[in-house]
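All remarks here apply to the structure that follows.
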Amino acid sequence: MTRIENTFRTLKERKTKAFISFIMAGDPTFEKSLAIIKGLPEAGVDLIEIGIPFTDPMADGPSIQLAGQRAIASGTTLNRVLDLVSEFRKNDKKTPIILMGYFNPVMAMGVEKFLSNCKTAGVDGLIIVDLPPEEDQELCIPSVKAGLNFIRLATPTSDTKRLEKLLQNTSGFVYYVSITGITGAATPEAKSIQAQITELKGNTELPICVGFGVKTPQIAKEIAKVADGVVVGSAIVDKIAKNTSTQEILSFCKTLADATHSISSD
Amino acid sequence: MNNFVNTLRAGPDENGRFGEFGGMFVSETLMPLILELNNQYENAKTDPLFWTEMDDLLKNYVGRPSPLYFAERLTKHLQGAKIFLKRDELNHTGAHKINNVLGQILVARRMGKSRIIAETGAGQHGVATATVCARFGLKCIVFMGKTDVERQSPNVFRMRLLGAEVIPVTSGRGTLKDAMNEAMRDWVTNVHNTFYCIGTVAGPHPYPAMVRDFQSIIGREAKEQLMEAEGKLPDTIIACIGGGSNAMGLFHAFLDDHSVNIIGVEAGGMGVDDRMEHAASLTGGRPGVLHGNRTYLLQDEFGQIIEGHSISAGLDYPGIGPEHSWLHDIKRVDYVSVTDSEALDAFQLCCTQEGIIPALEPSHALAHVMKIAPNLEKDHILLLNMCGRGDKDIFTVANALGEGLDD
């Protein structure tokens, strides 16, 4: 069982929902993102998503785009992202780490080398936004063979037939994109996504986590009522952009985590 | 496509691949749309009614066929190959771009889409899209990098006159690549009513094939016209390449004619070297994934995209259509590059020798003609795609020449 699967099982036993936070590696510096990541588990974060910066993040809104630019400016290469994970793993063997980004930096490193570096560093899962099931041969299948979870985005445009295809090689959990749009855009409505989550549940046993547009503890709570987990990215990244102290960022994450955990899965 | 095939014109395969290039590298939100577009385009392609409407508009609205013109004084001046120009700069809106836009808008209408978005660099594709949208009463939004909005102001005004909304893109460095990112973001957000009209043979499948099909009329016409004028195939055909749509348009009809030497000319900017002050993806880049397809890209060793540079805003793109990447790897087409200053020389020569003010984009192809034509036999037929006129470039050229005088 992977760390991701294990985490969801434990949460289920505790009858609560998962809180997942996203930050961009190396934003604004390697040291600061390491300090934040190290503090996340204690703040109540169950799974950590770490962004791989890319010059052309087509699915991301301004917050994540700018975070990527700051990260690139601070010298964050894919190697440095993996260093960050290794550093984190020295003191935390339990919290799952998921790398999220675009395919080109992975291609530049080489798929085989990337996967072996991921295993060494202690990465558990991958979300590569521009690799739909049609391109599974590129990275998804090699990742699964290497023992990493390949997490796929399901969206409001995915109909039943499409869901079948995209769930095929997915593992760990399903990331449901709550809106048609880019990260950090419009706020999702729990009611409107409930029906789609019910449909997803009919097609998979995997936990369903919802992200894109979740900005406050209140929204996190609403989403947690209908999903197995909540993902927050842009709202946290926006605080980093304003040069907020590590401690304040972690307490913001704690309010989001507490809100999510206040919802029982019964 | 990996099997033995006796034609080079059958691509892409069912996965949208030309060899290893192409594909569908987009976020999941866009996948259902892209698959739907592929279905609709496949239907349109085989529907005679679609082509009846298309052919009528190409003839009476665009002004096709564009002439094939023997450039007599240029030929004499260069004292070698016999030079013909395919005059796609005489099309309505002044470039080849409208051939493709017309086709895509007709597809969009079949799909019932009411809102058209497009990216533009130099503004030619934006103007063509705004034009055809006006013709059909469709809402048109054009994304254009802020830098390009500033350096191509006449085209910005043209688009606005035609009723389009021009959105300056400030993300990244504000050029064509960023405009394309922003168009994709808009598309992801407005999936239900919006059609993305891509201006070149790049993007996720089926765009590279669809845009090529709509542009391939250039080569088909030229082949027929040359047969009529000279009774034979050209010996060399040549076109400039940014994303590569005018070049694919010219090349496609000739890919299986192995006697025809095919040359694509990339923008060499300040020279193709480690400074990366160029836009020659094939000559100075390596394969990667951007904007929905696997292709040659300008990128650093860590896979970050490099902007590149060209005096021509229409060639200033860090990628290239995937079919070109494939034709490069199988060596069917020879890809070369020329610098900004060589293109400027060609621009001026064309003005004074032929009374044609060419766009800076085909001036690159002409610059390469100037290099090779003198060494070719007098009966060697060289066909160049004059894909755009230069009215839009006169300020850029004036600036460049002014700086040259100061040096």
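Below, chains carry the letters A, B, ... as their sequence lines are ordered, and counting in each starts from 1.
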message: So for A:F54, is it side chain, backbone, both, or neither that comes closer than 4.5 Å to the heavy atoms of chain B?
response: both
- prompt: How many angstroms lie between CZ in B:F302 and CG in A:N79, if you round to the nearest 0.5 Å?
  reply: 7.0 Å
task: With rounding to the nearest 0.5 Å, note down the distance linking CE in B:M180 to CE in A:M58.
output: 8.5 Å
- request: State whether the side chain of A:T157 and the backbone N or O of B:T29 hold a donor-acceptor pair below 3.5 Å, judged by distance alone.
  value: yes
Engaged part of A:M107 at the chain B interface, taking heavy atoms whose separation is under 4.5 Å: side chain
field: Part of A:P156 lying under 4.5 Å from any heavy atom of chain B
entry: neither
- request: Nearest 0.5 Å please: distance from the CD1 atom of B:I306 over to the OG1 atom of A:T55.
  value: 9.0 Å
message: For the CD atom of A:Q69 and the CD atom of B:Q304, what is their distance to the nearest 0.5 Å?
response: 10.5 Å
query: Side chain, backbone, both or neither: which part of B:L290 has a non-hydrogen atom closer than 4.5 Å to chain A?
result: side chain
Flag for B:N15-A:E134: side-chain donor and acceptor within less than 3.5 Å: no
field: Partner chain B: residue of A:I182, A:D56, A:I128 with the largest heavy-atom pair count (under 4.5 Å)
entry: A:D56
- request: Could you pull out the closest heavy-atom pair between A:P132 and B:F25, with the gap in Å?
  value: CD-CA, 4.2 Å
query: Relative to chain B, which segment of A:L166 carries a heavy atom at a distance below 4.5 Å: side chain, backbone, both, or neither?
result: side chain
- request: Could you tell me whether B:E28 and A:R162 make a salt bridge, using a distance below 4.0 angstrom between a side-chain N and a carboxylate O?
  value: yes
query: Non-hydrogen atoms of chain B under 4.5 Å away: do they reach the side chain of A:D60, the backbone, both or neither?
result: backbone
